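These notes concern the structure reproduced below.
Not measured: the values here are computed from a predicted model. Chain letters run A, B, ... following the sequence lines, proteins first, then strands; residues in each count from 1.
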Protein chains: 2
Amino acid sequence: MATMTDVARRAGVSVSTVSYVLTGTRPISEATREKVHAAMAELGYQPNAMARGLASRRSNIIGLLLPLTGRGLGATETAFVTGATEAAREAGYHLMLCSVGTDDADELQTLATQRLLDGFLVMEVQLEDRRVELLRELAAQFVLIGRTAEPAGLACVDIDFEQTVDDAVAHLVGLGHRIIAYVNHSEASLAGGYGPAKRTAAAFEAALERHGITGVMVPSEDTASGGRRAIGTARELCPRLTGVLVMNENAALGILAELREAALDVPWDVSVVSMVTSAAVADLASPALTAMTSPGAAVGAAATRVLLRRLADGDTSTYQELLPCVLEVRGTTAESRRNKKK
Amino acid sequence: MATMTDVARRAGVSVSTVSYVLTGTRPISEATREKVHAAMAELGYQPNAMARGLASRRSNIIGLLLPLTGRGLGATETAFVTGATEAAREAGYHLMLCSVGTDDADELQTLATQRLLDGFLVMEVQLEDRRVELLRELAAQFVLIGRTAEPAGLACVDIDFEQTVDDAVAHLVGLGHRIIAYVNHSEASLAGGYGPAKRTAAAFEAALERHGITGVMVPSEDTASGGRRAIGTARELCPRLTGVLVMNENAALGILAELREAALDVPWDVSVVSMVTSAAVADLASPALTAMTSPGAAVGAAATRVLLRRLADGDTSTYQELLPCVLEVRGTTAESRRNKKK
DNA sequence: ATGAAAGCGCTAACAG
DNA sequence: CTGTTAGCGCTTTCAT
């Protein structure tokens, strides 16, 4: 393995000169730059990442805090990761996967104190998130993919859940639906203060009121059978409902199956809109799900770019960016039949 | 940030002593060990990862080579990652996510030469994989999650696709099915030499022959609509088929939808077995998919442990480990009706 | 525009 | 069982 000293000797210059052509931190004459580049090429030189990191106090690695639960990742989360990885690589950064949830605060403490990572991307953010407090105390650079209850002073990039719920409800109302159920994330998520669950719940309430229509929110496990149970509960509560909003991809499929078995036709008897859903999952259903398509990769990439800019600047001011999901009408929504009869 | 020198001073010992209590590389008296630990605690000391890496020539980071295509990861791939992350962390290692496919050879070259990573876990292995040759040339430590065409001399952990196909076919044959279609990965995967696609194709042929039954293999895109088209093609080719094997989770759901629309009852008219499928996805379907459940997390964890052992040993011998998928009978398979009539 | 040299914080001989 | 010390390979003053 060739070192910088080897390159310097070969090019007939000093090590510092080689270093400077590499980092571009000071002007170098064209002639020596070429000599150095030639020497590096001949030796197949590649800078040693650890040495560089030690001397410069920067690893060029950012940590992705993503609790891996064993239940797997949804398409949206995967897209966050993909977008972040891509954006990091374009900037010459690497991404380290750290399975660190709100409860693993001391592990994060270790991670952040080791000086292995330049900054953090925090996923699966809770409304009250221990990781955020900790990172703040440690004066670490970080950007949230998601938001806490009180995001003032923080940097975060998130899906605009309020807007997404508004748009989804508006779509259903526009089709004449006046009794709408919202199948949210699980009871546990709600209780745990998971941001998307809480925010959409509030936005749903507000939307109902604004449009002067009625509805219920029902929590559901993120499984097909959870969705089945949830729609059952919803129909008990509101027997005449014609519109359903689902937060949860797996539950959405369960709901379609349950409605079919109840001999209710989708979209004509009941219309269903799935939220924060990828096109791939939407097409899994039959009919294909009308969905609010999540800007997953864009969110991941945006968060990464914000973090990298801060690492460069040393900037630490508040930054908020909300990206809306966009409505894609497919086969599960239509004009309310009940509406037509009138 | 406290350094080791600070700790040494505080504990009244030399830096090397501190280093040795940390690494456990040489015997230390109980008394000094305690003094050192106390000093570390008081100072909130945390070793600097870069400095340690530079001096020891080990980063304690392993690279996970996983081409992120933007199409997202299936449940099985996600489970590989989860299992690997978990196993790495238990051993005090970190995992770096590197979106490096067969075509990004020079990027891998850079990565491997930077001395940032101690070893590699290679995912999405092709039968002919440039990354494998390269890693070998560079004398890097690596373990494949998957296999190349000629895995002799390599370390790999993989799903036992041959066994899985055998078991799936045996299940269908045991239920009386004698005309079976196999909906494989896409044409492109087959052409690209994607291991699972090729291996299962061969195993399927062999199984047909062994049981003396007939069938066809049809490639399919990994989408619901792809599955629909594939089953259509299969039924044209074999109108009397009663059994279907599907490699591909999304396609499996498409197949169920298509069969339902063709007024064919699953499982009674046609039985369907999904392969290398997670329980979560299997439950998404209705009826729930009978599936060969993939040992995803176990594979990821096993591969990681093998790699870590090699990093410790310097071992570089051949190592192969194949984990079978296990049959879980749910709602999409049953005794062949055609069989009963006879 | 270039060089010399002092670290960065730790590990691992080497020397007791 | 413990201390001294020479690097690991690079960045970055300070000189020139």
With a cut-off of under 6.0 Å to the ring centre and 45° to the axis, is R310(A) in cation-pi contact with F142(A)?
no
For residues 43-51 of chain A, which side-chain N or O atoms pair as donor and acceptor with protein atoms under 3.5 Å away, sequence neighbours left out?
| residue | atom | partner | partner atom | Å |
| --- | --- | --- | --- | --- |
| N48(A) | OD1 | M50(A) | N | 2.8 |
| N48(A) | OD1 | A51(A) | N | 2.9 |

Inter-axis angle, terminal five-pair segments of the helix from dA1(C)-dT16(D) to dG16(C)-dC1(D) [nearest 10°]:
30°
Summary of side-chain hydrogen bond (donor to acceptor under 3.5 Å, both in side chains) pairs that have at least one residue in residues 141-155 of chain B, sequence neighbours excluded
R147(B)-D158(B)
Show me the pairs that pass salt bridge (Lys or Arg N to Asp or Glu O under 4.0 Å) and involve residues 132-145 of chain B, at least two apart or across chains.
R130(B)-E133(B)
With a 3.5 Å cut-off and sequence neighbours excluded, list the donor-acceptor pairs that the side chains of residues 296-307 of chain B form with protein atoms.
| residue | atom | partner | partner atom | Å |
| --- | --- | --- | --- | --- |
| T304(B) | OG1 | G300(B) | O | 2.8 |

In whole Å, what is the span from the CZ atom of R33(B) to the P atom of dC1(D)?
9 Å
Please enumerate all residues that pass side chain to side chain contact (heavy atoms under 4.5 Å, CB included) together with S14(A), with sequence neighbours excluded.
S16(A), T17(A)
Contacts satisfying salt bridge (Lys or Arg N to Asp or Glu O under 4.0 Å) that involve residues 80-97 of chain B (not counting sequence neighbours) are E107(A)-R89(B), E86(B)-R89(B)
Contact list for residues 7-33 of chain B, test salt bridge (Lys or Arg N to Asp or Glu O under 4.0 Å), sequence neighbours left out:
D6(B)-R9(B), R10(B)-E42(B), E30(B)-R33(B)
Walk along nucleotides 9-16 of chain D from 5' to 3' and tag each nucleotide B, S or - by protein heavy-atom contact under 4.0 Å, base first, then sugar-phosphate.
BBBBBB--
Contact interval (first through last nucleotide) of DNA chain C with protein chain A, 4.0 Å heavy-atom
dA1(C) to dG9(C)
Any side-chain hydrogen bond (donor to acceptor under 3.5 Å, both in side chains) pairs touching residues 94-106 of chain B, not counting sequence neighbours?
none
Could you go through residues 111-118 of chain B and list every donor-acceptor pair under 3.5 Å that involves a side-chain atom there, pairing it with any protein atom two or more places apart or in another chain?
| residue | atom | partner | partner atom | Å |
| --- | --- | --- | --- | --- |
| T113(B) | OG1 | Q109(B) | O | 2.3 |
| D118(B) | OD1 | S59(B) | N | 2.8 |
| D118(B) | OD1 | S59(B) | OG | 3.2 |
| D118(B) | OD2 | R58(B) | NH1 | 3.3 |
| D118(B) | OD2 | S59(B) | N | 3.3 |
| D118(B) | OD2 | N60(B) | N | 2.7 |

